[in-house]
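Worksheet: the structure to be examined is printed underneath.
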Amino acid sequence: MERSRIVVAGASGLIGSALVRSLTADGHEVVRLVRHAPRSADEVRWDPENGRVDAAGLDGCDAVVNLAGAGVGDRCWTDAYKTRIRSSRVHGTTALAEAVAAMERPPRVFVNGSAIGYYGETGDRAVDEGAPAGEGFLPALCVEWEAAAAPAREAGVRTVFTRTGLVVSSGGGAWGRLFPLFRAGLGGRLGDGSQYWSFVALHDEVAAIRHLLEREDLSGPFNLTAPQPLTNREITAAMGRVLRRPTPFPVPAAVLRAALGEMAGDVLGSARVLPARLEESGFRFAFPEIDGAIRAAL
């Protein structure tokens with residue numbers, strides 16, 4: 001991709017910060033959307049939960065990447081926090097999509113974050129981008145989140161949805177909480193361990209987003225997950241194997257439900273998700289297997 005001006009919302013998050021590092025290392029100009037008053041020329045003010053963005057700061061951009069949103073796994077899902085999770089995604093996406101649609105010279109592409117939570121509980125059934133949305137809080141959220149990008153798509157801007165799986169990284173996210181436990185020899189399967197976890201190495205997550213930015217023939221939803229989802233039991237064994245630690249402490253489902261409330265369903269639920277469209281587009285994973293993904297995160 002030739003040198004471009006790329007606006008990134010959620011640039012301070014796990015994926016956003018890695019994407020910004022990758023883009024700037026290759027000479028691209030990155031403009032970060034921030035909630036505070038801009039402190040440098042590469043910052044633009046926005047207020048995603050109230051649906052406001054400084055549209056003038058988007059002028060001249062070639063691409064907009066929206067990865068913003070309150071962390072789904074940051075705390076228990078109280079009604080208030082579920083409202084925050086929703087508003088930070090839906091209202092922010094709406095504001096950005098409307099700003100993009102109103103631009104005299106809109107960007108070539110709008111990449112909007114989403115999640116494999118779209119599919120809900122899949123059990124042992126493997127699903128790809130052709131599968132319908134599931135039921136529950138996360139599927140309903142993802143449907144509304146993606147729908148909020150409609151103004152950009154209807155204005156003729158190529159629009160991509162990145163349905164991201166569990167990102168393997170020691171720097172944050174769900175996996176960031178697992179690493180300290182496993183390093184201390186306190187890791188173990190969650191529930192009976194039979195639930196599928198669709199993972200992706202942080203390196204591959206960033207590479208896939210860049211692939212979708214560059215390919216002008218790609219639009220719509222893409223699952224950003226490694227080609228072979230594994231059960232929680234298999235991932236637990238891999239963590240112990242790579243970190244050379246025992247994994248003797250399973251966490252019973254009842255304990256998880258008591259500790260996490262409704263969010264426990266996301267941890268104990270099974271999502272066997274395949275990156276069919278991403279692979280069909282020619283993308284190649286650097287870390288398709290779990291052992292390599294874990295080592296890359298160390």
Side-chain angles (χ1 to χ4, degrees), residues 13-19 21-22 25 72-73 115-117 119 122-129 162-212 222-251 253 256 266-298:
L14 173 66
I15 299 169
S17 58
L19 177 64
R21 287 194 300 272
S22 175
V72 171
I116 61 170
Y119 305 104
T122 75
D124 292 338
R125 178 174 54 94
V127 298
D128 61 19
E129 293 87 353
T162 54
R163 294 177 181 168
T164 296
L166 290 166
V167 179
V168 185
S169 169
S170 59
W175 230 285
R177 296 185 176 190
L178 293 180
F179 270 106
L181 292 174
F182 278 88
R183 283 192 175 113
L186 301 175
R189 60 177 169 78
L190 303 179
D192 66 11
S194 64
Q195 68 272 32
Y196 276 89
W197 279 18
S198 296
F199 67 92
V200 61
L202 180 58
H203 173 97
D204 285 330
E205 172 77 12
V206 170
I209 293 173
R210 294 196 55 171
H211 175 77
L212 295 169
F222 287 82
N223 295 332
L224 271 55
T225 60
Q228 296 293 332
L230 299 175
T231 64
N232 174 258
R233 183 183 295 110
E234 292 170 322
I235 285 174
T236 297
M239 289 286 283
R241 184 167 60 245
V242 174
L243 296 175
R244 298 182 180 180
R245 293 290 188 275
T247 56
F249 298 108
V251 182
L256 281 170
D266 190 42
V267 174
L268 296 168
S270 185
R272 192 177 184 182
V273 179
L274 305 179
R277 295 194 67 213
L278 193 60
E279 290 195 299
E280 288 168 2
S281 74
F283 181 80
R284 295 293 176 263
F285 289 84
F287 302 101
E289 298 179 354
I290 188 61
D291 287 42
I294 294 171
R295 290 192 185 97
L298 296 178

What's the spacing between [X] [atom1] and [Y] [atom2] if we round to 0.5 Å?
X	Y	atom1	atom2	value
Arg183	Leu178	CZ	CG	11.0 Å
Arg177	Phe182	CZ	CZ	14.5 Å
Leu181	Leu243	CG	CG	11.0 Å
Leu274	Asp128	CG	CG	6.5 Å
Trp175	Leu14	CH2	CG	12.5 Å
Ser169	Ile294	OG	CD1	12.5 Å

**Study point:** Among Ile15, Asp204, Leu212, the one residue meeting side-chain contact (heavy atoms from CB on, under 4.5 Å) with Leu224
**Key:** Leu212
Exercise for review: Answer yes or no: is there a donor N or O on one side and an acceptor on the other, between the side chain of Ser198 and the main chain of Gly165, under 3.5 Å?
Suggested key: no
Check your understanding: Thr225 side chain to Val273 main-chain N or O, any donor-acceptor pair under 3.5 Å?
Key -> yes
**Study point:** Inter- and intrachain pairs under side-chain hydrogen bond (donor to acceptor under 3.5 Å, both in side chains), touching residues 228-243, at least two apart
**Key:** Thr231-Glu234, Arg241-Asp291
Review point. Considering residues at least two apart in sequence or located in another chain, which fulfil the side chain to side chain donor-acceptor pair (under 3.5 Å) criterion with His211?
Key: Ser281
Review point. Would you say the side-chain atoms of Asp192 and Ser194 include a donor-acceptor pair closer than 3.5 Å?
Key: yes
